[in-house]
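Please read these numbers as outputs of a predicted model, since none were measured by experiment. Just so you know, residue 1 is the first one in the sequence shown, and it goes up from there. Both ligands and their constituent atoms are indexed starting at 1 by order of listing.
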Amino acid sequence: MFDLSLENCRVDRDLTVNIGVDDGKIVQISRERIDASEKIDLKGYFVLPGLIDAHVHFRDPGLEYKEDFRTGSMAAAHGGFSTVLDMPNTVPPADNAAEFERKIRIGERKSVVDFGLHAGFRSVSDVKGILRFMPASFKVFMDLTGISAVDGLFRELKDLSAPVPVTVHCENRDVVMESMKELKDRSDPSAYALARPPLAEEVSVAEVLALSIHHEHPVHICHLSTVKALQLVEPFREYVTCEVTPHHLLLDSGAFRRFGTMVKTNPPLRPPESRVYPEFLDRINIIGTDHAPHGIEEKRKGIWDAPPGIPNLEVVLKLLLTLVSKGRMSLSTIRRMLAEEPARIFGLRSKGRIAEGMDADFTVIDPKETGRIRSDEFYSKAHYTPFEGFSYTGAPVMTVVRGRTVMRDGEVLEGNGRYIPAEHDGKPGTAESEAELS
Ligand code: DOR
Ligand code: ZN
Ligand code: ZN
């Protein structure tokens, strides 16, 4: 007898199955009844593989007043995510073996959901030590790091025969500095979009593409925000994958007028003519939330001093399901961009698919639930969102991590999140296209 049977799981439009779980793994998928000590009837709700957010900032250690691993992971569970990959710009940064290992311990103590970690990059001498812990990627911020330092990272990974992707924040430092000069005296929030213009991103993407092709090494471009940056990436899918955030997908620079510095983020929101739209999703690998919480008082500091970033974990799935309800995207696109592709790109081999032998991670969806987004219901410490009051159709009703229910009907329960080491195969290229379901 198995530990758990999830009954009446609608895993495809025309396919409802029962799923047997034992010891945290999927052990049987069947139309027949499965004998188990616990049974949960999912009544024909849609069941997706547990969703993975490959881009979160949990601020732990060092900036726990903004978020910590416990509240961040509770926000993840609440939003329907069973796994997150945390970014290294904590304090001190996770850019050497000791800090990287420390962060694994913090997550294992506090996290409700499973997690992996992106490593920071400070010096090539730290790369080998970090590799022992199997990072999801090495993350570099091109607005802070010079191109020759990044070239050094590629060389070191090559020398060590490590197919770990380089994950990149693409904004060219020189273009940003030059653009800022002319705008320093302005204090209106919309000046921020001009200070870090589309060209900064496009130049940086081109530089990183050149490095990737030169070294034949996988690169993942974070939060791609302009249509021209997307055009640059497209011929190089063999080595390069890319990501879009919910805010770049759904908002444009006009949002500065309404929300002020709350929507300050890097890269900034773009004007309608250069931004990306939901209709482009077929050309993009993953949706990452870039959940970047800050204190609300800090966010009010004025356009140049307010820290950049928007908290997204608890809104993204409702926003996307609303697009599904309007026929602007399909549920299979959510499955591809928030489960299959992040698992494949970042080497999470036990995650991302519902199949026997995989971790029993599930995101259960009620496509008909309606309501309005309310930031006072967030588990995140950041209780604000530009999507406040947005009326949604479709919501996660349950999150399961290795057979354990960590969220049910909007309430987050106890969890036991584990560190998931990444096992990369060095093949970033887009997976063969799969049949679409609606
Ligand atoms: O808006 C952003 N916020 N962009 C980044 O690259 C960093 C992030 C943060 O850590 O707050
Ligand atoms: Zn970034
Ligand atoms: Zn980020």
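Of the charged side-chain nitrogens involved, at least one lies within less than 4.0 Å of a carboxylate oxygen, so that Glu341 and Arg344 count as a salt-bridged pair. The existence of a salt bridge linking Glu279 and Arg328 is confirmed by a sub-4.0 Å separation between a basic side-chain nitrogen and an acidic carboxylate oxygen. A salt bridge is absent between Glu369 and Lys318; no separation between the charged side-chain nitrogens and carboxylate oxygens falls under 4.0 Å.
Residue contacts with ligand 1, taken as heavy atom pairs separated by less than 4.0 Å, involve Arg59 solely via side-chain atoms from C-beta onward. Contacts with ligand 1 closer than 4.0 Å are made by no heavy atom of Ile310, backbone or side chain.
Atom CD of Glu411 sits in a sparse spot, with 12 or fewer heavy atoms from other residues, nucleotides or ligands closer than 6.0 Å. More than 12 heavy atoms of other residues, nucleotides or ligands shown are found within 6.0 angstrom of CZ on Arg122.
Nearest protein heavy-atom neighbour of atom 4 (N) of ligand 1: Asn266 O, 3.0 Å. Annotation: atom 3 (N) of ligand 1 to nearest protein heavy atom, Pro308 O, 3.0 Å.
Annotation: cation-pi pair Arg237/Tyr239 absent, no NZ/CZ under 6.0 Å from the ring centroid and within 45° of its normal. In this structure, Lys158 fails the cation-pi test against Phe154, since its NZ or CZ atom is not both closer than 6.0 Å to the six-membered ring centre and inside 45 degrees of the ring normal.
The N, O or S atom of His169 with the smallest distance to the Zn ion (ligand 2) is ND1.
Against a heavy-atom cut-off of under 4.0 Å, Thr265 is close to the following atoms of ligand 1: 1 (O). Here is the list of ligand 1 atoms found below 4.0 Å of a heavy atom in Phe141: 6 (O). Every atom of ligand 1 with a heavy atom of Gly309 under 4.0 Å away is listed here by number and element: 1 (O), 3 (N).
Rounded to 10°, the angle formed at the Zn ion (ligand 3) by Asp290 OD1 and His55 NE2 is 90°.
Between Ala292 and ligand 1, not a single N/O pair is under 3.5 Å apart. Where the criterion is an N or O separation shorter than 3.5 Å, residue side chain and backbone included, His169 meets it with respect to ligand 1.
In summary, an N, O or S atom of His223 is located under 2.8 Å from the Zn ion (ligand 2).
Between Ser204 and Glu171, the side chains place no donor N or O within less than 3.5 Å of an acceptor N or O (distance only, hydrogens not considered).
Residue contacts with ligand 1: His294 is included, with a non-hydrogen atom under 4.0 Å away.
Checked against Phe346 for a ring-ring contact (aromatic ring centres under 6.0 Å, His included), the options His424, His220, His55 give a single hit: His220.
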